[in-house]
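Below, chain A is the first sequence line, B the second, and so on; all start at residue 1.
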2 protein chains.
Amino acid sequence: MKRRDYGQYCGLARALELIGERWALLIVRNLAVRPHRYTDLLDGLPGIPTNVLSTRLKELEHSGTIERRIAPAPQRGVLYALTPLGHELEPAIFALGRWGALHMDEPRPGEIVTSESVIMNLRGVFDAEAAAALSACWEIRAPDLVLHLVVTDGKLEAGVGPAPAEPDLVITFQPDELPSYRELMQAAKCGLVELSGRRELLDTFLRVFAIPQPV
Amino acid sequence: MKRRDYGQYCGLARALELIGERWALLIVRNLAVRPHRYTDLLDGLPGIPTNVLSTRLKELEHSGTIERRIAPAPQRGVLYALTPLGHELEPAIFALGRWGALHMDEPRPGEIVTSESVIMNLRGVFDAEAAAALSACWEIRAPDLVLHLVVTDGKLEAGVGPAPAEPDLVITFQPDELPSYRELMQAAKCGLVELSGRRELLDTFLRVFAIPQPV
DNA sequence: CCGAATCCGCAGTGATACTG
DNA sequence: CAGTATCACTGCGGATTCGG
């Protein structure tokens, strides 16, 4: 397991040696949402070659960023999950995601949106100050995509699947609308979504999940 | 100028397409300290092939992250500098640098330390809360390395070269001590440095530039 | 089905030489 | 000083195959 290095005793250089290679940080992003099995990762990262995925998983495990687990009884199989050290990458993922969002004007042809990308984008733009003392529960629905956002006393929990309790507001997208967080905001502002529940929470939503403005 | 993409409409994926290729973020790191000429970048990034450097500079200019400038009168020549959009990458660089620092136990044989890496590491670990209302000026000296840290009312300015005004404390390293920020802290704690000035500011220094603890 | 290993063609990278 | 040119090499993308 020889890796190319940058020859510098520097935190950034170390980080890039460990998670700077192609696909690595996207794997970490998906694992930050929840543990995945190998085939879940393949599904959530369309286009990744299987040999690259298995190589990255070994490298990330070797560097202590992720770990292999044996899934519990009903499913059985291998689960990949972030270690505590891997979770320490989340601030960097959020910062990079916010910067990249400045370059997201229009989706390019063929680009897809996955649950994991939406969740991590939303976690990254969550404005804790604007949400101080807030409690609310949203559910986002689109074709092949259901996720929930629960804010409890200003603290965010965002995950795949329907809300654990009855959501305050359900936001439903039509098939032709990309439910990325940017498009979501724009669509919501233009009234292109279907709302069910406490409609006044849409404004709260748009305020708490603030879009980085493109330059 | 075709680039490989990840096929996802996602902020992180966008960011990785733009600055995820080899050497790109290290170039941005160096330009974040001050504008550089082409040969300065070559010196500050030992090992980078010249064709890779020129390719990255073109890509980064194309994405609006950096810009070419004609240097003013005395020097004349080309200067590369970050655009405002490029400066928006600094939080991500700091976050990655702090994470990478968790993996920096010992310097590896042959690894070097540059002014730019030390400055950006220090900027990244600067604790604004701990430095609130503080004003102080340090100068760090080592072989082939002089840099200054000026905190004015809790706000940090860190750059290459000697301090603009008389420093409150000068910290001088011996040739055998790597003046990376981590080694610097350890050496300073062990008294392996030469101090000149208000010695009590060493404790302040260690408090305001907090080391990320390795896991 | 899950979790990969293997093979091949090609694009990105590294090292060096060379040039306006 | 600020790059371009060349060439060997390695990593990546795409597909197929394989073992549990």
Item to check | For atom CZ of Arg4(B) and atom P of dG11(D), their distance in whole Å | outcome: 13 Å
Next on the checklist: Within this structure, what is the CD-CZ distance for the pair Gln8(A) and Arg29(B), rounded to the nearest 0.5 Å?
Outcome noted: 4.5 Å
Next on the checklist: Can you identify which nucleotide, out of dC1(D), dC12(D), dG3(D), has its nearest atom closest to the Arg37(B) side chain?
Outcome noted: dC1(D)
Checklist entry - Is any side-chain nitrogen or oxygen of Arg56(A) closer than 4.0 Å to OP1 or OP2 of dC12(D)? => result yes
Next on the checklist: As an exercise, state the distance from CD1 of Ile140(B) to OG1 of Thr172(B), rounded to the nearest 0.5 Å.
Outcome noted: 8.5 Å
Next on the checklist: The criterion is side-chain hydrogen bond (donor to acceptor under 3.5 Å, both in side chains); which residues satisfy it with Glu61(B), sequence neighbours excluded?
Outcome noted: none
Item to check | Thr50(A) side chain near dG3(C) phosphate (N/O to OP1/OP2, under 4.0 Å) | outcome: no
Next on the checklist: Rounding to an integer number of Å, can you tell me how far Asp5(B) CG sits from dA11(C) P?
Outcome noted: 15 Å
Checklist entry - Using a cut-off of less than 4.0 Å, is there contact between a side-chain N or O of Thr39(A) and OP1 or OP2 of dG3(C)? => result yes
Checklist entry - Within this structure, what is the CD-to-P distance between Glu61(B) and dA2(D), rounded to whole angstrom? => result 14 Å
Next on the checklist: Check this one for me: any side-chain N or O of Lys58(B) less than 4.0 Å away from OP1 or OP2 of dT4(D)?
Outcome noted: yes
Checklist outcome for this item: From the candidates dG3(D), dG13(D), dA4(C), the one with an atom nearest any side-chain atom of Tyr38(B) is dG3(D)
Next on the checklist: OP1 or OP2 of dG11(D) versus the side-chain N and O atoms of Arg22(A): is any pair under 4.0 Å?
Outcome noted: no
Next on the checklist: Using OP1 and OP2 only, check whether a side-chain N or O of Tyr80(B) sits under 4.0 Å from dG3(D).
Outcome noted: yes
Item to check | Which residues share a ring pair (Phe, Tyr, Trp, His ring centres under 6.0 Å) with Tyr80(A), sequence neighbours left out | outcome: none
Checklist entry - dG13(D), dA4(C), dG3(D): which one has an atom nearest the side-chain heavy atoms of Trp23(A)? => result dG13(D)
Item to check | Separation of atom CG in Leu41(B) from atom P in dG3(D), rounded to whole Å | outcome: 10 Å
Next on the checklist: Does Arg76(A) reach a base, just sugar-phosphate, or nothing at all? Heavy atoms under 4.0 Å.
Outcome noted: nothing
Checklist outcome for this item: One should read off an interatomic distance between Trp138(A) CH2 and Leu169(A) CG, to the nearest 0.5 angstrom, of 8.5 Å
Item to check | Check: Glu157(B)/His148(B) side-chain N/O donor and acceptor closer than 3.5 Å | outcome: yes
Checklist entry - Which listed nucleotide (dA4(C), dG13(D), dA2(D)) is nearest to the side chain of Pro49(A)? => result dG13(D)
Next on the checklist: Distance check needed: dA2(D) C1' versus Arg69(B) CZ, whole Å only.
Outcome noted: 18 Å
Checklist entry - Which comes earlier along DNA chain C counting from the 5' end, the contact point of Leu57(A) or that of Gly47(B), where each point is its nearest nucleotide? => result Leu57(A)
Checklist entry - Within this structure, what is the CD-to-C1' distance between Glu21(A) and dT10(D), rounded to whole angstrom? => result 11 Å
Item to check | Shortest side-chain distance from Asn51(A), nucleotide among dG14(D), dG14(C), dT4(D) | outcome: dG14(D)
Checklist entry - What is the distance from CG of Leu60(A) to C1' of dA4(C), rounded to the nearest Å? => result 16 Å
Next on the checklist: Tell me the interatomic distance from Asp43(B), atom CG, to dC1(D), atom C1', rounded to whole angstroms.
Outcome noted: 12 Å
Next on the checklist: Here's a test of your reading of the structure: between Leu79(B) and Val52(A), which maps to the more 5' nucleotide of DNA chain D?
Outcome noted: Leu79(B)
